[in-house]
Amino acid sequence: MLSRFFLVYVVVELLAVVGLASTIGLGWTLLTVLIAFAAGLAVAGSQVKRQMTRLFDTDRSRFASDSAVVALGSLLVVVPGLATTAAGLLLLLPPSRAVARPVLTAVAARGIGRRFPLITVATVGADGHARRPQPDYIDGEVIDVSEVESPAIPLRPE
C-alpha cells in the first residue's frame, strides 16, 4: 500500500514539474518551487502560532480538528513538490480548512475503524449523506389452510 502511494506521489509531482517546465521554462519552474516552499513555510508558521494562541481560549473539539488539519498542511508544505505544496497551502488557509475538515474527519474515522475493528466509530453526517436502514425481508412461502370439521367421536356407554 505504501509503495503504491509513493509511486502515485512521484508520478503526480513529476507531471506537475514537467508540465510547468514545458510551459514557463526550467529556471522559472525552479524559482516557482522555491517561492512556493518559502511561502508555505511562512503560512505554516503563522498558522501554527495562531493555533498555539487559540489553545486555551476555544472549544476543544474544533481546536483538535483544526490542529490536525494545520499539522497535515504543514507536513505537505515541507514535503518537496509543487502538488504537495499547493495541497498544503490549501489546507493551511482557513476557508479551505473549513471545507476539508469534515472530509478528513470521515477519512480518519474510517481508517481507525479498519485498523481497530473492536472500536466502533460513527460519523454522523460527516460523509454528506446518512445511510437509511433497509427494511427486513423474510423469505418464505404461504400455505393456505382450510378448517374441516372433525367427525364426531362416538361416546361409549358406561
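Just so it is clear, the values below take in all heavy atoms, side chains as well, and ignore hydrogens, waters and symmetry mates.
One distance of note links CG of Leu82 with CZ of Phe37; it measures 12.5 Å at 0.5 Å rounding. Atom CG of Leu26 is separated from atom CG of Leu31 by 11.0 Å, given to the nearest 0.5 angstrom. The structure places CG of Leu41 at 9.5 Å from CG of Leu89, a figure rounded to the nearest 0.5 Å.
Residue Val70 is not grouped with residue Leu72 when hydrophobic side chains (ILVMFWY) are merged at heavy-atom distances under 4.5 angstrom, including chains of intermediate members. Connection of Ile35 to Val17 is established within a shared hydrophobic cluster, with ILVMFWY side chains joined at heavy-atom distances below 4.5 Å, either directly or through further cluster members. Cluster annotation: Leu34 is not connected to Val78 through the hydrophobic network of ILVMFWY side chains, with a link wherever side-chain heavy atoms come within less than 4.5 Å.
Counting heavy atoms from C-beta outward, Thr85 and Leu76 have side chains that stay 4.5 Å or more apart. With a 4.5 Å cut-off on side-chain heavy atoms, Val99 and Pro95 do not count as touching.
Closest heavy-atom contact between Arg101 and Val69: CA-CG2, 4.4 Å. The heavy-atom pair separating Val12 from Ala83 by the smallest distance is CG1-CB, 3.8 Å. Of all heavy-atom pairs spanning Ala21 and Thr29, the tightest one is CA-OG1, 3.1 Å.
By the side chain to side chain donor-acceptor pair (under 3.5 Å) test, Thr84 is found to be paired with Glu13, residues two or more places apart in sequence or in another chain being considered.
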Please lay out, stage by stage, how Thr32 and Ile24 fare under the test side-chain contact (heavy atoms from CB on, under 4.5 Å). CA-CA 10 Å; Thr32 303; Ile24 63 173; 3.9 Å; yes
